[in-house]
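Counting convention: from 1, in listed order, for ligands and their atoms alike.
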Amino acid sequence: MTRLKEDWIRDIEMGMKEYERELVGKTGITLLDLAAKSNGIHPDRIREAAKSYKVAAVPVKAGEGVIGTFSQSVAAILHHLGFQVIITESTDVDGIYEAWQSKAHCIFLADDQRFLGIHPSKNQISDNNIATAKGYITALEQVAGSLARRKVLVLGYGLVGKRMVRLLLEKEAQPVVYDIDPVKTADLAPDMVLKDRESMKDYPLLLDVTNQGGWVCEEMLHPEFWMAAPGVPLSLSDELYRKYEHRVIHDLLQIGTAVMMGELCK
Ligand code: 2YJ
């Protein structure tokens, strides 16, 4: 699991409008619509919740500590969806206490292992790994149409990759997995495993959940590929990303965080 860096996320807060414009340009829907669709709810449900929910982003010092602008970025994404958001001054357990004192309905917080959204009074919790899997599959469906009976290549078989495979099977798609470590995919049926990454070019639909940057070269891409890529750093080199940005859905926090909020509105 990649730990985010301040350098990567510092523009999120100021760039939400531009982010939205690009997302709509590629997928035809807004971040709020995507959060709703990924959770099978009407967008109005999120809009209604946004009128009354107060959300607290709690910085967490535990482990490797606070990442500059992490809580601010989470707050900006949720604010963009219409929610009233505070960032607690206190961190960790004291921050949770501050959130409760401020009468926040939902709390968003992350340590080095997990990023959660919690709605205590509804006894609901949202895990960023699950939300990310749902959000990027929905984004891929949005650009490529129904995935049923179509092969989808999942690059990387970690926590999010596994969740994606489960969701794809539920959607009656045909997931095929590539992971650099063959031990990870040993339990999968042989026809669900891509052994050699040179064959990637046969797959136009890609979900990239790897955490190694720049290992995909142009010859490995199908001429009409679509890539939905929560993996950080991105598998495409900066140069390839610039060339094919119109075919790649990729961000560092926005889709996962928005889908978490959608889940808490269910
Ligand atoms: O509050 C803070 O600023 C930090 N404790 C945030 C830590 C963010 N955590 C990560 O980047 C981890 N890799 C977990 C992310 C889970 C994404 N699926």
Quiz item: Can you find an N/O atom of V60 closer than 3.5 Å to an N/O atom of ligand 1?
Solution: yes
Self-check item: K103 side chain to W100 backbone, donor-acceptor under 3.5 Å
Solution: no
Quiz item: Below 3.5 angstrom, do we get any N/O pair linking I67 and ligand 1?
Solution: yes
Quiz prompt | A110-ligand 1 polar pair, N/O distance under 3.5 Å | solution = yes
Exercise. Tell me which part of T132 gets within contact of ligand 1: side chain, backbone, both or neither, using heavy atoms under 4.0 Å.
Key: neither
Practice problem: May I ask you to check whether H80 and Y19 place their ring centres under 6.0 Å from each other? | Solution: no
Quiz item: Does the ring of F83 carry K54 above it, NZ/CZ under 6.0 angstrom from centre and within 45° of its axis?
Solution: no
Quiz item: Is it true that Y244 and F225 have ring centroids separated by less than 6.0 Å?
Solution: yes
Practice problem: Compute the shortest N/O to N/O distance between L4 and ligand 1 and return yes if it is under 3.5 Å, no if not. | Solution: yes
Exercise. Would you check whether S71 has a nitrogen or oxygen atom less than 3.5 angstrom from a nitrogen or oxygen atom of ligand 1?
Key: no
Quiz item: Which of the listed options, G256, A131, G65, holds the heavy atom that is closest to atom 4 (C) of ligand 1?
Solution: G65
Self-check item: Side chain, backbone, both or neither: the part of L109 lying under 4.0 Å from ligand 1 by heavy atom
Solution: neither
Quiz item: Which ligand 1 atoms are under 4.0 Å away from a heavy-atom of T2?
Solution: 11 (O), 13 (N)
Quiz item: Below 6.0 angstrom between ring centroids: does that apply to F115 and F70?
Solution: yes
Quiz item: Which atoms of ligand 1 are found less than 4.0 Å from any heavy atom of D112?
Solution: 12 (C), 13 (N), 14 (C)
Quiz item: Taking distance alone, with no angle check, do N128 and ligand 1 share an N/O pair under 3.5 Å?
Solution: yes
Quiz item: Are any of the side-chain heavy atoms of L140 and M227 separated by less than 4.5 Å?
Solution: no
Quiz item: Which atoms of ligand 1 are found less than 4.0 Å from any heavy atom of P59?
Solution: 1 (O)
Quiz item: Side chains of Y53 and M261: does their closest heavy-atom pair fall under 4.5 Å?
Solution: yes
Practice problem: Answer whether the closest heavy-atom distance between the side chains of L168 and L207 falls below 4.5 Å. | Solution: yes
